[in-house]
Amino acid sequence: AVAARDESGGLIDMVSDQEILEGHRLVAAKEGVFVEPACGAAVAGVVRLAQKNYFAKGSVVVATLTGHGLKDPDTAITNAPAPLSCEATTDAVLRLIEK
């Protein structure tokens, strides 16, 4: 990892467990992808660096997320927001999505 960091000009950092869970939720909420909680670490790192203006404007940032959410469904269930409900009509669903 150290050699890859040095060769690529990257960095190695750490994030908290809370940031990892927030990254995990962000991927699910924004991309609709069910990944294992550990994948939230990469996302949390990107979020933290973006908040510090680490990336040049217009940069393309890639985070590798390799673990499927079914590797640890209990964490996803425990940390998921309450489900939303609405009438079973297209209009009702669209109104809920637009909120």
Side-chain angles (χ1 to χ4, degrees):
V2 172
R5 176 204 57 204
D6 294 345
E7 290 171 13
S8 69
L11 66 94
I12 297 173
D13 203 352
M14 64 181 161
V15 292
S16 69
D17 289 347
Q18 185 61 37
E19 288 172 301
I20 291 170
L21 291 175
E22 289 170 10
H24 178 251
R25 282 191 293 272
L26 181 66
V27 171
K30 296 294 184 182
E31 300 301 328
V33 178
F34 186 36
V35 296
E36 70 173 314
C39 292
V43 176
V46 169
V47 167
R48 180 186 279 181
L49 291 172
Q51 289 170 341
K52 293 180 179 181
N53 297 314
Y54 178 83
F55 305 109
K57 186 173 179 134
S59 294
V60 174
V61 179
V62 177
T64 303
L65 310 177
T66 59
H68 192 282
L70 292 177
K71 289 174 80 175
D72 186 359
D74 292 336
T75 297
I77 292 167
T78 302
N79 293 291
L84 303 174
S85 63
C86 67
E87 295 175 38
T89 66
T90 302
D91 288 338
V93 172
L94 290 174
R95 279 193 304 274
L96 190 62
I97 291 171
E98 290 172 353
K99 284 185 178 182

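Sorted by first and then second residue, the pairs that involve residues 53-77 and meet salt bridge (charged side-chain N to carboxylate O under 4.0 Å, His left out), not counting sequence neighbours, are E36-K71.
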**Request:** Begin with the C-alpha distance, continue with both residues' side-chain angles, and end with the deciding distance and a verdict on side chain to side chain contact (heavy atoms under 4.5 Å, CB included) for V46 and L49.
**Result:** CA-CA 5 Å; V46 169; L49 291 172; 5.9 Å; no
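V33 and V47 fall within the same hydrophobic cluster, where Ile, Leu, Val, Met, Phe, Trp and Tyr residues are linked whenever their side-chain heavy atoms come under 4.5 Å apart, directly or through other members. When the side chains of ILVMFWY residues are joined at heavy-atom separations under 4.5 Å, either directly or via intervening members, L70 and I77 end up in two distinct hydrophobic clusters.
A distance of 11.0 Å separates CZ in R5 from CG in D13, rounded to the nearest 0.5 Å.
A 4.5 Å side-chain heavy-atom check between E22 and L26 finds every atom pair outside the cut-off. At least one side-chain heavy atom of D6 sits less than 4.5 Å from a side-chain heavy atom of V2.
In plain terms, the two heavy atoms of I20 and P37 that are nearest each other are CG2-O, 3.2 Å. In terms of heavy-atom proximity, G67 sits nearest to C39 at N-SG, 3.5 Å.
By the ring-ring contact (aromatic ring centres under 6.0 Å, His included) test, F34 is found to be paired with H68, residues two or more places apart in sequence or in another chain being considered.
Side chain of H24 to backbone of A38: no donor-acceptor contact under 3.5 angstrom is found. With hydrogens and angles ignored, the 3.5 Å screen pairs a side-chain donor or acceptor of R48 with a backbone N or O of M14.
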Side-chain donor-acceptor pairs under 3.5 Å in residues 79-86, sequence neighbours left out?
residue, atom, partner, partner atom, Å
N79, ND2, T75, O, 2.9

